[in-house]
Amino acid sequence: MYLINFLMDTCLGMVIAVLLLRACEKCLSKSETFGFKSGYYGQEPSWANWAYQIWIWLGIVIVMKGIIVSLIWFLRVQLESLGDWALSPLVEYPHLELLMVMIIIPVVSNALAFWITDNFLKSNKTSKAGEIDLELQEALDLIKC
């Protein structure tokens with residue numbers, strides 16, 4: 001069950017977090033006070049912009065974890081069966097099963113999750129000259145402190 005819970009958190013949780021981040025950006029883009037673009041902190045990077053985005057991300061992660069916990073709770077019987085099936089080839093090799101469940105799969109899935117999360121959190125909207133798009137700059141000027 002641990003393996004399935006972990007994979008749900010890293011895989012499905014990442015998808016939910018991306019969707020929530022995009023929804024927050026879209027909803028807040030209409031606000032002159034609270035608009036933002038994830039990963040962009042202004043032409044002159046500001047700690048205030050960074051802190052604002054960290055608080056938004058923290059809220060997104062809390063909501064995502066709540067969704068994942070709820071799914072795991074409601075689907076616990078099915079997930080337990082899925083976990084038993086997924087690990088059935090390793091039943092005769094308990095040390096290998098332990099190595100896979102506790103070290104190899106978590107390291108690989110966390111590395112992938114961190115890499116993918118980093119790529120969707122950082123800003124990549126630049127022009128050919130490497131300057132920030134005017135639309136993005138205008139959105140960020142709205143939240144300057």
Any chance you could measure [X], atom [atom1], to [Y], atom [atom2], to the nearest 0.5 Å?
X: Cys24; Y: Gln53; atom1: SG; atom2: CD; answer: 11.5 Å
X: Thr10; Y: Ile105; atom1: OG1; atom2: CD1; answer: 10.0 Å
X: Lys65; Y: Ile72; atom1: NZ; atom2: CD1; answer: 9.0 Å
X: Ser70; Y: Phe74; atom1: OG; atom2: CZ; answer: 6.0 Å
X: Ile16; Y: Cys11; atom1: CD1; atom2: SG; answer: 11.0 Å

With the 4.5 Å side-chain cut-off for hydrophobic clustering, are [X] and [Y] part of the same group?
X: Val69; Y: Met14; answer: no
X: Leu98; Y: Leu7; answer: yes
X: Val18; Y: Leu112; answer: yes
X: Leu19; Y: Leu21; answer: no
X: Leu96; Y: Ile104; answer: yes

Asp118 and Trp115: side chain to side chain contact (heavy atoms under 4.5 Å, CB included), yes or no, with the steps?
-> CA-CA 5 Å; Asp118 182 56; Trp115 175 57; 5.7 Å; no

Tell me, do [X] and [Y] make a side-chain contact under 4.5 Å, heavy atoms counted?
X: Ile56; Y: Leu28; value: yes
X: Gln78; Y: Leu82; value: no
X: Met102; Y: Leu3; value: no
X: Phe6; Y: Asn110; value: yes
X: Asn5; Y: Tyr2; value: no
X: Trp57; Y: Thr117; value: yes
X: Leu87; Y: Met100; value: no
X: Ile4; Y: Glu80; value: no

On a heavy-atom basis, which atom in [X] and which in [Y] lie closest, and how many Å separate them?
X: Leu20; Y: Met64; result: CD1-N, 4.1 Å
X: Ile68; Y: Gly13; result: CD1-N, 3.8 Å
X: Pro89; Y: Ala86; result: CD-O, 3.5 Å
X: Ile60; Y: Ala17; result: CG2-O, 3.8 Å

